**Student:** 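Please read through the structure below; I'll follow up with questions.
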Protein chains: 4
Amino acid sequence: MKTHHALRTRSVRAARRPRPRGSPVKSTTVGATRAPLRADAARNRERILASAREAIVEQGHEVALDEIARRAGVGNATLYRHFPDRESLLLHVLMHVSDQITERARQALEAETDPFEALSRMVLDSARERIGGLCWLLSFATEVDGPQLAASRERVLRVTEELLARAHASGQLRPDVGAGDLLIAISRLTLTLPGKTCVRDGDMARRHLQIFLDGLRTPSRSQLPGEAIQLADLKDERH
Amino acid sequence: MKTHHALRTRSVRAARRPRPRGSPVKSTTVGATRAPLRADAARNRERILASAREAIVEQGHEVALDEIARRAGVGNATLYRHFPDRESLLLHVLMHVSDQITERARQALEAETDPFEALSRMVLDSARERIGGLCWLLSFATEVDGPQLAASRERVLRVTEELLARAHASGQLRPDVGAGDLLIAISRLTLTLPGKTCVRDGDMARRHLQIFLDGLRTPSRSQLPGEAIQLADLKDERH
Amino acid sequence: MKTHHALRTRSVRAARRPRPRGSPVKSTTVGATRAPLRADAARNRERILASAREAIVEQGHEVALDEIARRAGVGNATLYRHFPDRESLLLHVLMHVSDQITERARQALEAETDPFEALSRMVLDSARERIGGLCWLLSFATEVDGPQLAASRERVLRVTEELLARAHASGQLRPDVGAGDLLIAISRLTLTLPGKTCVRDGDMARRHLQIFLDGLRTPSRSQLPGEAIQLADLKDERH
Amino acid sequence: MKTHHALRTRSVRAARRPRPRGSPVKSTTVGATRAPLRADAARNRERILASAREAIVEQGHEVALDEIARRAGVGNATLYRHFPDRESLLLHVLMHVSDQITERARQALEAETDPFEALSRMVLDSARERIGGLCWLLSFATEVDGPQLAASRERVLRVTEELLARAHASGQLRPDVGAGDLLIAISRLTLTLPGKTCVRDGDMARRHLQIFLDGLRTPSRSQLPGEAIQLADLKDERH
DNA sequence: TATGAATGAGGCTTCATTCAT
DNA sequence: AATGAATGAAGCCTCATTCAT
């Protein structure tokens, strides 16, 4: 009875119960704020998200929710008011991260004239977000928690493809890599290692991302096994 | 964390005893099986180790021990008999993995004439072991659980340094990387991603390791931030 | 017993945290309720303590915590919320018992004019508390779990010494006994016997305590082996 | 759902299963050895009993059976061959203790001319056996494990009554105490205290038994509450 | 609305007992 | 006959989630 854990490694029970749907997911980024959301409530929400991200980076993606609530300085039930369950919270953190990467990638596209430089900038900026969790977002369901997550996902995918397309076009990027390769590799190289509270983790991630980028440049120094991982390959692989 | 017995008679006894046997752990590499270990028991032991590795690869390093026992087809207590606690089991799995990597690296050193090829071979072979757990082993205590782990650790470290030294000497490897860089990057790029039971994970790992290797070649295509991570940097980083 | 984290991510987190709150333990004797504690929570807490005492008396000090929780009519985790572990619960039960004995001893000191009568009254009153657990309290660490226990311990010790001192001074108490003798003997003669749920246990305890008291009177009817057990002898005997 | 634990506090399961009867209980003392019992087997049996007694004295009556087996230097299954379950082992230990006390009491009866001296000697000798477990034997079922336990029980009861009868007759022993009082008090005052590995425990027991004896002498220094506990009072109180 | 408290399921570990050499 | 190994049922503790203030 294999259980393909996803964002809810912690509780198996959740899978058994009827998902308590109907949670008022509120957009965290740009348009269409569903509910106006009182000022203090909004502040709480942001603090929870920030604490969650911080806690995950420090202790891994299985942090206790109470720990997150404590860091945010709110009661645990408040956390649940904003995010009906663990999965929801994590997804929103990922969305947040994703959106920030998207934003930076766009800036890179605008600011950098050299396509490979733009790509590099996006990759190295991603390292700053630390959680190698983009992968989850990418490989994870789109419609699960409303269209916002899907949108967020689409945004980062599209901008990544754009970056790659330009880099490919410029002839600086080896042709046998796809957006999937890039995103997965970023995820992995920035993933928090279990059992390590190594301070230099960030440094290492940057070093290794740089090496990876160097390996992406033309002329290709090797023949890659398998085929380029495209965006489509990252969809629906779960379960 | 001082434990004051007396009020917790329940669980104290075990702690008082000098731990019956220091786990009969027979060396997984060379020879010298410590304990004769009955035929069926030995089979169980191997099945548990195999199941553990498999389960960890599939579900992450936090798999329930009961799950591992179930996969191995033994009772939960049997698992405990062989490995007195979670830590012990994981350490033995890591040791097993480490030893196999060491073995392959040695073969690469012998068989390959080209130093960079030898390095590549070792790196790509590592991917086959999947668990990006080497990192733990490397950064983890040496004397804690007997000399076997220390030995295992030293072996993989030494062979890695040897590979790098030769590659550096041949001028094919960029000079600003150390054994720490290599091992950490391998760990990360082969780490099982939470939430993914993606079948092509192995393929991806190999692709990305190859790209990483390409980035390691001379001439250096960039200036790396920070300093080369050496082996010493991986030691004692815990706690 | 060094614990090396990293390989046991599962259970480690809790240990890392500085233990959320230092148990809201309101003083059981005088005043100064530390934490306001909601009405129902306070009720639960009292019920748990009462059930624990009852269960210990009936089944010995190794009763399952789940059993205690069941008797109290609360979930097992609720018990944990109030008392983070077995030790904590038992200590609070002991504290409660100790404080009651102290209180009664003080009343005896005030009310009784005859010093030996005061002593007798304290001893016989102790029997009513049943749990021969004072001994633990006495021989147990003082600073370990906060100052409250230390205080509770000191109180009962001091009042006992006072009672003995007066009885000695009056010439009614044989000189070769100390407070340690008294407290240990009380502990033993009121200890719940394993395997007995004998209803007359209390009666027996009182009978035997009375006989013991008679043996304490002057003139001494024998020469006691060994030396008088003083309070200091009861300290730090653990581990 | 109160469970009246007796000799098997440890496992509740045992109570659920059909008692695996038919164990070849062999007399440990005088007459009628059922099975000849090979020499080495007999030696094992004695070593197990001795280790059990020692372990119980040191660690309480809940020692792990494996611990006892280890002390005896035999495999755990060997222990089970001799004593089909925990209960059986404990009962035989008690029987052993009981028989030794009986023996000493008889010697005291013969050797001492003064009846109270004889009583004292028996009481103080009992302290040497340490386990305050006689009580179990006394209050415990008689027919459970064959007639031998019943016999052992009867023997110690009878000799105790004889000692008391003579002491009463001599006018040295206060009249309001019975054999039950004596045996229970001995049990309690020699009971191993949980959480204490106090070396002076034996000293204390002797001191307190002596004080108790002094309290038993005439002239009575008080009026005892309740009635004298007779032997009949100790029977069938369980469950 | 926000929060402290309650809960039950589940994980890890232990141990009495049975099985297979 | 003796033993090492296996087992399943608890026990203790944790934590995601729900309730009641």
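These numbers come from a predicted model, not from an experiment. Per chain, numbering begins at 1; letters A, B, ... match sequence-line order. Heavy atoms only: backbone and side chains are in, while hydrogens, waters and symmetry mates are out.
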**Student:** Take atom CG of A:D66 and atom P of E:dT7, then tell me their distance rounded to the nearest Å.
**Tutor:**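 After rounding, the reported distance stands at 16 Å.
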
**Student:** Can you tell me the distance, in whole Å, between the CG atom of B:L89 and the P atom of E:dC12?
**Tutor:**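 Rounding to the nearest Å, CG of B:L89 and P of E:dC12 are 10 Å apart.
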
**Student:** When you compare the side chain of A:E46 with that of A:R43, does any pair of heavy atoms fall below 4.5 Å?
**Tutor:**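 When only atoms from C-beta onward are counted, A:E46 and A:R43 do not touch, as no gap falls below 4.5 Å.
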
**Student:** Check C:A69 against C:N76 and note the closest heavy-atom contact, atom names and distance.
**Tutor:**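 What the structure gives for the nearest pair is CB-CA, 3.9 Å.
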
**Student:** Rounded to whole Å, please give me the gap between CD in B:Q59 and P in E:dG11.
**Tutor:**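 Rounded to the whole Å, the gap is 10 Å.
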
**Student:** Rounding to an integer number of Å, can you tell me how far C:I48 CD1 sits from E:dA5 C1'?
**Tutor:**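 Spelled out: CD1 on C:I48 to C1' on E:dA5 is 11 Å.
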
**Student:** So B:R81 and B:R45, do their side chains get closer than 4.5 Å, heavy atoms only?
**Tutor:**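 No, every pair of side-chain atoms sits at 4.5 Å or beyond.
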
**Student:** Does B:R86 reach the side chain of B:H61, with side-chain heavy atoms less than 4.5 Å apart?
**Tutor:**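 Result no, sub-4.5 Å side-chain heavy-atom pair not found.
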
**Student:** Nearest to the side chain of C:Y80, heavy atoms from C-beta on, is which of F:dA16, F:dC12, F:dT14?
**Tutor:**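 It is F:dT14.
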
**Student:** Could you tell me how far apart B:D85 (CG) and E:dT14 (P) are, to the nearest whole angstrom?
**Tutor:**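 The distance from CG of B:D85 to P of E:dT14 comes to 8 Å, rounded to the nearest Å.
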
**Student:** Would you please name every residue forming a salt bridge (charged side-chain N to carboxylate O under 4.0 Å, His left out) with B:R47, sequence neighbours left out?
**Tutor:**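 Partners of B:R47 by the salt bridge (charged side-chain N to carboxylate O under 4.0 Å, His left out) criterion come out as none, since no residue qualifies.
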
**Student:** Calculate the interatomic distance between B:F83 atom CZ and E:dC12 atom P; express it in whole Å.
**Tutor:**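 For the pair B:F83 CZ and E:dC12 P, the rounded distance is 15 Å.
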
**Student:** Any side-chain heavy atom of C:E58 within less than 4.5 Å of one from C:R71?
**Tutor:**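 Answer yes - side chains close enough.
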
**Student:** Got a list of protein N/O to nucleotides 1-3 of chain E N/O distances below 3.5 Å?
**Tutor:**
residue, atom, partner, partner atom, Å
E:dT1, OP2, A:R81, NH1, 3.2
E:dT3, OP2, A:G75, N, 3.4
E:dT3, OP2, A:T78, OG1, 2.1

**Student:** Within this structure, what is the CG-CG distance for the pair A:N44 and A:L49, rounded to the nearest 0.5 Å?
**Tutor:**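 Output value for this atom pair is 11.0 Å.
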
**Student:** Please name the pair of heavy atoms, one in B:L79 and one in B:I48, separated by the smallest distance, quoted to 0.1 Å.
**Tutor:**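 The answer is CA-CD1, 3.8 Å.
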
**Student:** Considering only side-chain heavy atoms of D:A64, which listed nucleotide, E:dA16, E:dC12, F:dT17, is closest?
**Tutor:**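 For the D:A64 side chain, the nearest candidate turns out to be E:dA16.
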
**Student:** Is there a side-chain contact between D:F83 and D:L91 (heavy atoms, below 4.5 Å)?
**Tutor:**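 In short, these two side chains do not touch, never coming nearer than 4.5 Å.
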
**Student:** Roughly how many Å is it from CD in B:E87 to C1' in E:dC12, rounded to a whole number?
**Tutor:**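 Atom-to-atom, B:E87 to E:dC12, this comes out as 13 Å.
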
**Student:** Would you please enumerate the stems DNA chain E participates in, each stem being three or more consecutive Watson-Crick or G-U wobble pairs with both distances under 3.5 Å?
**Tutor:**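 Stems for DNA chain E, defined as runs of 3 or more consecutive pairs: E:2-21 with F:2-21.
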
**Student:** Calculate the interatomic distance between A:I68 atom CD1 and F:dT14 atom P; express it in whole Å.
**Tutor:**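 That distance rounds to 18 Å.
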
